[in-house]
Amino acid sequence: MDEREANIDLLFRKGLKDYEVLPPAGVWDKISPVIRKRQRPYVILRAAAMIAVIATLSFLTTTWNSEFSDSVISNAIQQDPISGTPQSEVSDAVLLAVAGNNDVNKQFSAINAPSPEIIVTDITENNSEINLSNPLPVRGLPEGETEVSHRNLVFPVSSDMNSMNIDYSPVLYTPAELTSTGKKEKWSIAALVSPTYISSFNSAASEAASQINDVEQPVISYSGGIALAYKVSKRLSVQSGLYYASYGNELSGISSFGGFQTYDQVKGNSNFQVQTSNGTVYTNNADVYLIDNLSDNRIASYFDKGSFDPAKASLEYLNNSLMQNLGYLELPVILRYKVIDRAFDFNIIGGVSSNLLVNNSVYASVDGDRYHVGRTEGLNSVLFTSSLGMGMEYSITNNLSFNLEPTFRYYLNSFNNLSGMSNLHPYTFGIFSGLSYKF
Amino acid sequence: MPEIKDIISGCLKGDRRDQELLYRRHAAKLYAVCLQYSGNDEEARDILQEGFIKIFENLAHYKHEGSFEGWVRRIMVNTALEKYRSRHSLRRVDDIDQIPEPDAEPYNEDYAGLQAVDLMGIIRELPPKYRMVFNLFAIEGYSHREISKMMNISEGTSKSNLSRARVILQRRVGSFTGLGKKLSHG
C-alpha cells in the first residue's frame, strides 16, 4: 500500500501543487543583509584584485609615457636648434634638471653660453636666451659648495615663454647623482600578509572529486610571514623567507552533535570517517556524532543510522557543516625582477615554494568557538607550489617601502594521493601587503 | 521578464536587484512549502529565511540541469528537515499498534471540492513526525528508505508514521467534507 498511490496522497499532492502564500513583509529585509555580509569577503577580494590590476596598468602607462617624453626632451636638448648637431658641452646636471621638471618639458634646447655659472634672470620679450642668475643651491654637491659652477647653460626661448616661472632648485642633480643608486643596500626584509582565496583545478575531470567538491566550499584563508631578499643586480633580487599559510574548507551538509561519549561502544577507535577532497577525516573525539544530510557515501561509521538517534539521545546539536583547517609552513625561493625603478617600483615576481604541513584539524564551529572533531589523514606532508605575481613598491623613506603584491600560486602536487582525488590541483590567489626595510 | 539564468548570473555577481528579484519570484511558492512542513507561522518564516540564505550561498553549485524551481524546493525541504531535527525529539514508533491500512482507490473528483487552503490547514494539524513523513513520501515522492536516512529513523518507523498520518488526514478530510467513510473505505 505504501508504495502505491494512495487516494489521500493524491488529494494533497494535487491540491497543494501550485499553492502559493505571500510571505510576511520584512523577511527579505532579514535575508538581504546576511547574504551581503557572507558575499562581502569574495566581493572585496575581487574588487581588490581589479583595483590592483587597474592601478598597475595605469601606473605602467603613465610611467612609459613619461619615459618616452623624457627621451624626446633629452634628444632635443642635445641638438643644436639651428644646425641640429649635438651639443657636447651640455651637462648631465642640466639634462636631468630639464627632464625632471615638467614645467619645462617643452621646446628647450641647450647651447653654449659664456657664463661660467648658472644664473637666473627674468625672461624678457625677444630674449633669445635664458640667463640663470642668483646661483641656486644644488643638491648632491660636496659639502661647502652651494652652486654649480663652470657650467655652460643658456636656453634659447620663444617669446611665448615670457611668463614662465622656472624653479630648478628641487631638480638639480650632479652627474654623480645621475649614476648613483644611493647607498648600496643589498638586503631587504619584509613582513607581508594576505587574505587568500583557494580553489582547485580538476585536471582529469574526476567525477568523484567533482561530486565531493560540490558539497565543499573554500573559506577565505590567510597567509603571511617574513621575506628576506638579496639584490643580485640593480633589477634582480633573490628572495626567500618563512611564511605560514592557513587554508579552510567547509564540509557542507554534515551535521555534528556533541555528548556522544556515553553511547560510544567502540572506544579507542575513530567512530566516523568522512571522505573529503583533501583526504579522509578521522574523528578522534569520542564525544562527537556525525550525520551526512547530503549524500550516502561520504561518511563511513560503525554506527548504523537506524540504530542510534541523536535526537532521542538528546545529543547537543553543534553545526550543519564541518570546518577542515590545514596549516603549512612555506619556504619560498623567489626571483624578483624590477621592471620600473622609481619612487613607485614595479616588480615581476616568480618562483617555487616547498610547503610543510604543520597544522591539521577538523572542527565544528559553535557560536564562534571551535569544537574539535578530528584530523585529516592521507595528506602529503610536503607540497610544492609555483607562484607568479606582480609587486608594487612605494618608497616611504629611503629605506622603508610599502609593498602590494597580487600573487597567484599553483600547487604542483595535490593535497593527497587518494584515488580519484590526486588530480585536484589547488590554486590560491592573494594580495600580499606589508612593509619592507632595506639595509 | 529576465531569464532565470540571467538572474542567477546577477546574483552571483552580488547584484542586489537580481537577488531581490529571485526572492520575489519564488518566495510565495516556497513559503507555501514552509507552511506545509511547519506547525506555526513563526517556524515557517524561519525556514523560509534560512532556506533562502542557503539558496544564495549555494547558487554557484546550481548546474542548470533540471528545473531551478525543483532545486530551490529541495533546499527548502532540507532546511525544514534540519529545523525539524533540531527542534523535535524523534521517538521510535515501531512499537505502535499496527494501523489498519486504508484501501487503495482511484482518485475521486469529489475530493476536489476541498480548497488548497483547507488542505494546508489539515496537513499542518498533523503531529510533526507524521507531517514530516507524509510530506516527504506523498508530496515530495521520497521512498521509505530515503526518508529513513533523512530523518534518521528506521524504514518501519517511516511506514508506521505514514500510516498514522493517512488515517488522521482521512478522518479530518472526511469531517470537513462529509466523505469520511468514502475516503476511508472507498
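Numbered from 1 within each chain, the chains take letters A, B, ... in sequence-line order. All values below were derived from every heavy atom in this structure, side-chain atoms included, with hydrogens, water molecules and symmetry-related copies excluded.
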Under 4.5 Å to a heavy atom of chain A? For Ile123(B) that would be both

* Quick one: do Gln19(B) and Trp28(A) satisfy side chain to side chain contact (heavy atoms under 4.5 Å, CB included)? Show the steps, please. => CA-CA 10 Å; Gln19(B) 288 170 344; Trp28(A) 172 246; 3.7 Å; yes

In this structure, CG of Leu169(B) is separated from CG of Asn7(A) (nearest 0.5 Å) by 12.0 Å

Taking every heavy atom of Ile31(A) against every heavy atom of Leu48(B), the minimum-distance pair comes out as CD1-O, 4.4 Å

Scanning both residues in full, the closest heavy-atom pair of Ala116(B) with Gly15(A) reads CB-O, 3.3 Å

One should read off an interatomic distance between Glu20(B) CD and Ile35(A) CD1, to the nearest 0.5 angstrom, of 9.5 Å

### Query
Checking Arg13(A) side chain against Ala138(B) main chain: does a donor-acceptor pair fall under 3.5 Å?
yes

* Evaluate whether atom CZ of Arg16(B) has more than 12 neighbouring non-hydrogen atoms of other residues, nucleotides or ligands under 6.0 angstrom away. => no

Assert top hit (heavy-atom pairs under 4.5 Å, partner chain A, pool Ile122(B), Asn78(B), Val117(B), Asn135(B)) equals Val117(B)

Under 4.5 Å to a heavy atom of chain A? For Gln49(B) that would be both

Which is it for Asp9(A) and Phe137(B) under the side chain to side chain contact (heavy atoms under 4.5 Å, CB included) test, yes or no, and what are the steps along the way? CA-CA 9 Å; Asp9(A) 295 4; Phe137(B) 185 90; 3.9 Å; yes

Separation between CD1 (Ile139(B)) and NZ (Lys14(A)), nearest 0.5 Å, reads 12.5 Å

Taken to the nearest 0.5 Å, the spacing of Ile291(A) CD1 from Asn152(B) CG works out to 4.5 Å

task = Kindly indicate whether the side chain of Val173(B), heavy atoms from C-beta on, has any atom under 4.5 Å from the side chain of Phe12(A).
result = yes

Under 4.5 Å to a heavy atom of chain A? For Met120(B) that would be both

Taken to the nearest 0.5 Å, the spacing of Phe134(B) CZ from Ile8(A) CD1 works out to 6.5 Å

- Answer whether the closest heavy-atom distance between the side chains of Tyr19(A) and Gln36(B) falls below 4.5 Å. no

Distance col, row Phe56(B):CZ vs Ser32(A):OG, nearest 0.5 angstrom, shows 8.5 Å

Steps toward side chain to side chain contact (heavy atoms under 4.5 Å, CB included) verdict (Val27(A), Tyr23(B)) = CA-CA 10 Å; Val27(A) 173; Tyr23(B) 171 80; 3.4 Å; yes

- Item | Derivation of the salt bridge (charged side-chain N to carboxylate O under 4.0 Å, His left out) call for Lys29(B) and Asp18(A) | CA-CA 7 Å; Lys29(B) 203 155 214 171; Asp18(A) 296 317; 3.5 Å; yes

Residues Gln217(A) and His61(B): closest non-hydrogen pair is NE2-NE2, 3.6 Å

Cut-off 4.5 Å, heavy atoms of chain A, and the answer for Val33(B) is neither

